Asks: 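Before I ask anything, here is the structure I am working with.
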Amino acid sequence: MSSSLRNSTIRLAAGCALLALSVGVMLFVLPNAAQQKRQQVNASAKAKKYLEDQDTALLDLKAREKTYTESNKRKEELLGNMPNQNAGVLQWELSRKLYELAQKNNVRLQAMKYGVPTREGSKGTDLEVLDVEFTATGVYQGLKPFMLGLEDTRESKLPFAVVNAKLEESSDGARLSVTLRAFRRTEGALADDKKEGS
């Protein structure tokens with residue numbers, strides 16, 4: 001009986017030791033493991049957020065690069081299509097375009113005036129600007145498609161932009177006062193700028 005009591009005592013002691021070990025694991029190891037797990041989850045969430053932010057930034061940079069590339073391509077095409085001719089030829093082509101549009105839309109052109117070609121505002125380039133002012137009269141239903149045709153660069157490759165347009169009533173109907181700015185390339189302009197700079 002003393003042997004079975006001894007075995008029971010040993011088992012009780014072993015059980016108490018295991019119980020104490022279990023309590024120690026529950027008090028120290030498990031909270032530490034749970035904290036490490038939380039830290040890993042937080043670190044993973046931060047890494048995921050950082051990756052998403054980087055992906056968004058990369059997409060933004062790609063969109064900017066695409067816009068820049070397309071703008072650069074359009075600029076090169078525009079400069080490539082820009083005429084390298086004297087001012088008289090450019091004036092004649094602009095007049096032809098304006099009178100074609102006017103005839104097509106039953107509009108009358110008046111007081112057409114060409115400015116002197118200048119390179120002001122285009123220093124460092126081989127571009128020259130030429131302002132054209134005119135008045136177009138007619139009914140509004142004709143002036144509207146005239147103006148839209150003037151602004152449509154798909155039909156005409158002439159390098160000009162509408163600088164100013166003012167619509168008002170007159171005794172002849174509607175009157176549209178327009179200023180265009182045309183551009184042309186000049187071979188000597190860039191060389192002259194370089195001489196002025198040196």
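What you see is a predicted model, and the numbers here were worked out from it, not measured in a lab.
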Asks: Just checking E168: does its CD atom have more than 12 heavy atoms from other residues, nucleotides or ligands closer to it than 6.0 angstrom?
Replies: yes

Asks: As an exercise, state the distance from OG1 of T69 to NZ of K62, rounded to the nearest 0.5 Å.
Replies: 13.0 Å

Asks: Applying salt bridge (charged side-chain N to carboxylate O under 4.0 Å, His left out), run through E100 and K104 and close with a yes or a no.
Replies: CA-CA 6 Å; E100 280 176 7; K104 179 179 175 183; over 6 Å; no

Asks: For residues L109 and V162: do they belong to one hydrophobic cluster (side chain heavy atoms under 4.5 Å, members Ile, Leu, Val, Met, Phe, Trp, Tyr)?
Replies: yes

Asks: Atom CZ of R181 and atom CD of E133: how far apart are they, to the nearest 0.5 Å?
Replies: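 Taking CZ in R181 and CD in E133, the distance rounds to 10.0 Å.
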
Asks: Please answer: with hydrophobic residues joined when any side-chain heavy atoms are less than 4.5 Å apart, are Y140 and M147 in the same cluster?
Replies: yes

Asks: Is there a side chain to side chain contact (heavy atoms under 4.5 Å, CB included) between R64 and D60? Walk through the geometry before answering.
Replies: CA-CA 6 Å; R64 286 185 190 182; D60 184 46; 3.4 Å; yes

Asks: Could you walk me through whether N106 and F146 pass the side chain to side chain contact (heavy atoms under 4.5 Å, CB included) test, one step at a time?
Replies: CA-CA 9 Å; N106 296 322; F146 171 79; over 6 Å; no

Asks: Using the side chain to side chain contact (heavy atoms under 4.5 Å, CB included) rule, take R175 and T135 through it: C-alpha gap first, then chi angles, then the decisive distance, then the call.
Replies: CA-CA 7 Å; R175 180 198 318 254; T135 303; 3.2 Å; yes

Asks: When clusters are formed by joining ILVMFWY residues with side-chain heavy atoms under 4.5 Å apart, either directly or through shared neighbours, do V163 and V132 land in the same one?
Replies: no

Asks: Could you tell me the separation between the NZ atom of K66 and the OG atom of S71, rounded to the nearest 0.5 Å?
Replies: 11.5 Å

Asks: Give me the atom names and distance for the closest heavy-atom approach of G142 to V107.
Replies: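 That would be O-CG2, 3.6 Å.
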
Asks: Let's go through K46 and Y50 carefully: what are the C-alpha distance in whole Å and the side-chain angles of both, what is the deciding distance for side chain to side chain contact (heavy atoms under 4.5 Å, CB included) to 0.1 Å, and is it a yes or a no?
Replies: CA-CA 6 Å; K46 285 180 183 176; Y50 178 77; over 6 Å; no

Asks: Which distance, rounded to the nearest 0.5 Å, do you find between the CD of Q103 and the CZ of R108?
Replies: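 That separation rounds to 14.0 Å.
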
Asks: Look at the side chain of Y114 and the backbone N and O of Q91, then say whether any donor-acceptor pair between them is shorter than 3.5 Å.
Replies: yes

Asks: Report yes if the side chains of L98 and L180 come closer than 4.5 Å at any heavy-atom pair, otherwise no.
Replies: yes

Asks: Please answer whether the main-chain N or O of E52 pairs with a side-chain N or O of T56 as donor and acceptor at a distance below 3.5 Å.
Replies: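 Here the side-chain-to-backbone pair exists.
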
Asks: Check L143 against G138 and note the closest heavy-atom contact, atom names and distance.
Replies: CD1-O, 4.0 Å

Asks: At what distance, to the nearest 0.5 angstrom, does OG1 of T179 lie from NZ of K113?
Replies: 9.0 Å

Asks: To check you understand the geometry: which heavy-atom pair defines the closest contact between G115 and L130, and what is its length?
Replies: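 The answer is O-CD1, 2.9 Å.
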
Asks: Nearest heavy-atom pair of M112 and Y99: which atoms, and what distance?
Replies: CE-CE1, 4.1 Å

Asks: Can you give me the closest heavy-atom contact between K97 and G149, atom names plus distance?
Replies: NZ-O, 4.0 Å

Asks: What is the minimum heavy-atom distance between L167 and A174, and which atoms define it?
Replies: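 Closest approach of L167 to A174, heavy atoms only: CD1-CB, 4.1 Å.
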
Asks: In Å, rounded to the nearest 0.5 Å, how long is the span from CG of L176 to NZ of K144?
Replies: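 So the CG of L176 and the NZ of K144 are separated by 13.5 Å.
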
